[in-house]
Protein chains: 2
Amino acid sequence: MTDEAMVPESTAATPVTAHERVYRELKEAILTGHFVPGRSVTLRGIAKMLDVSPTPVREALRRLASERALEVHGNRRVSVPRMTRTKFDDLCAARAALESLAAERAMPRIEAACLERLRQLDAEVDAAIAAADVPRYLRKHREFHFTLYRAGDSGVLMPLIESIWLQFSPFLRWAIHHVGVDYLVDRHAEALHAIERQDVTALRFAIEADVREGLGSLTEAEWRDLAGEDAVVAR
Amino acid sequence: MTDEAMVPESTAATPVTAHERVYRELKEAILTGHFVPGRSVTLRGIAKMLDVSPTPVREALRRLASERALEVHGNRRVSVPRMTRTKFDDLCAARAALESLAAERAMPRIEAACLERLRQLDAEVDAAIAAADVPRYLRKHREFHFTLYRAGDSGVLMPLIESIWLQFSPFLRWAIHHVGVDYLVDRHAEALHAIERQDVTALRFAIEADVREGLGSLTEAEWRDLAGEDAVVAR
DNA sequence: GCCGATCTATTGTGATCACATTCTGCGCCG
DNA sequence: CGGCGCAGAATGTGATCACAATAGATCGGC
């Protein structure tokens, strides 16, 4: 009665430790939108699901809680946080600030192969939108942004950005289901052109526009809609 | 759905759990500069020091590691990360981006009492600089910034900013010891004036200047000095 | 029939133990 | 004198157990 199956396969480098495996699988599940906001996560439930003892699960859960992907209540119960209007605004603002910075840092270090990969991902994002394939869109959209930022090779910026994505991903899945894929805009082409011209200002603008138009374009009515129909939104 | 009515002590500092106590004490020690970069942290060492079992210590250590306050090596050993030139640049840039944003969000919500508290802290910072009292300066400087940002009441921005502070604090202590307190500038008065006039642009500028002049003003020679004399700086 | 108390089951917490891996110090051989 | 190898210590990891607190369910009283 807790959670269902998830995570097809993880061919990561070395998930030798149990807590690392638990952490990665849960993280991937959250980013993919398999965790519904408001759902409570139990220690023994995850433990049995992944066939480990409660000990490594607690470590993984606390780690995710410290990245604000999960939330611990006064009851010590853990759950997937719900979304709030102001929280969402903060997340968008933080995304715009950090990701435009990360893109700026990454731009001069983008090699030809990386640029080609970005073009390919952009095409796959477009294809996913055209096919109205939400999970595929989410995956490719995430991959596009993170391959761009990862080129900057910043051990400081990347964890911060990942934390933000972990916070809005569970909500995003539901928001898209409600407003439909038609609302999805694609500023990636604009970003690619900016990279080709090595235009920092244009790249920052493209990233900020992608953030604000892709996420921050929910109208008041749509917020009410989300708050009313299910418990994804708090209060 | 009717249980949030009475929570007399959940908002207060409740280190009831052992791992929370360990986490807070280690965090405070790191922010105060009691942890030397490069020093390795052992599980049983901390456990014996705080008189708890290794279990809650592991959780606290992993939590701090996920906030990048500590670093886990391939050997599974935990240590205080050393500083790098590029890492430091990233931290400064991220600080400027996030803290100016947090200040902007906080400004309209600063009440008279909060402003008065900020003025008092500014005075105490000046006094600490005049007295060349480094620990006191670090504490008051941190308190000034965090009371300002905390006024914005953003559960999103605060953890991100805290993570950044956890990363440069161990290094800061040593850098100040090397370059001396004379290098410490104080843009806090400028920030206070901006708040009084409710001037967003000026406030952002003051915060960014405080970050760049307070931390980012290390010269090339001073970096070599730090790298040479001890192992605070990596490679 | 509804509200409240009690009882039970579930959950989180943390200490202890056993095991695998790694580091360290010492002696040995070249 | 220096590198190599082995033994002992130290460290991280994770499963199990016992305990406390909480939530859910069941039963009794009004």
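Everything numeric here is computed off the predicted structure, so don't read it as measured data. All chains are named by letter (A, B, ...) in the order of the sequence lines, taking the proteins before the strands, and each is independently numbered beginning at 1.
- The distance between atom CD of B:E59 and atom P of D:dG12, rounded to the nearest whole Å, is 15 Å.
- Salt-bridge annotation for B:E28 and B:R142: present, with a side-chain N of the basic residue lying under 4.0 Å from a carboxylate O of the acidic one.
- B:V52 comes within 4.0 angstrom of sugar-phosphate atoms only, judged by non-hydrogen atoms across all strands, and of no base.
- Checking A:W165 against A:E99 by side-chain atom types alone, a donor-acceptor pair falls below 3.5 Å.
- B:R150 places a side-chain heavy atom less than 4.5 Å from the side chain of B:T147.
- In this structure, the NZ atom of B:K48 is 21 Å from the P atom of C:dG14, given to the nearest Å.
- With salt bridges taken as basic N to acidic carboxylate O contacts below 4.0 Å, none links B:R63 and B:E59.
- A:K87 contributes no side-chain N or O that, together with a main-chain N or O of A:F168, makes up a donor-acceptor pair within less than 3.5 Å.
- Looking at B:R21 and B:E25, a side-chain N of the basic residue comes within less than 4.0 Å of a carboxylate O on the acidic one, giving a salt bridge.
- Between the side chain of B:R58 and the base of D:dG14 there is at least one donor-acceptor pair of N/O atoms closer than 3.5 Å.
- Protein atom OH of A:Y23 is 15 Å distant from nucleotide atom P of D:dT13, rounded to whole Å.
- Residue B:E20 contributes atom CD, which lies 10 Å from atom P of C:dT13 at whole-angstrom precision.
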Polar-atom pairs under 3.5 Å, protein N or O versus N or O of nucleotides 16-20 of chain D: list them with distances, or write none.
residue: D:dT16; atom: O4; partner: A:T55; partner atom: OG1; Å: 3.4

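- Of the charged side-chain nitrogens involved, none lies within less than 4.0 Å of a carboxylate oxygen, so that A:E143 and A:R139 do not count as a salt-bridged pair.
- Here D:dA10 presents its P atom at 17 Å from CD1 of B:I46, a figure rounded to the nearest Å.
- Regarding A:H73, its NE2 atom lies at a distance of 12 Å from the P atom of C:dG12, rounded to whole Å.
- The CG atom of A:L43 sits 18 Å away from the P atom of D:dA21 (whole-angstrom rounding).
- With sequence neighbours left out, the ring-ring contact (aromatic ring centres under 6.0 Å, His included) criterion links A:Y137 to A:H141.
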At a cut-off of 3.5 Å, list every protein nitrogen or oxygen paired with a nitrogen or oxygen from nucleotides 21-23 of chain C, distance to 0.1 Å.
residue: C:dC23; atom: OP1; partner: B:N75; partner atom: ND2; Å: 3.2

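- Note on A:K27 versus A:E162: salt bridge recorded, some NZ/NE/NH1/NH2 to OD/OE distance being below 4.0 Å.
- Residue A:E71 contributes atom CD, which lies 14 Å from atom P of C:dG12 at whole-angstrom precision.
- Backbone-only engagement by B:V41 is indicated by non-hydrogen atom pairs under 4.0 Å involving sugar-phosphate atoms exclusively.
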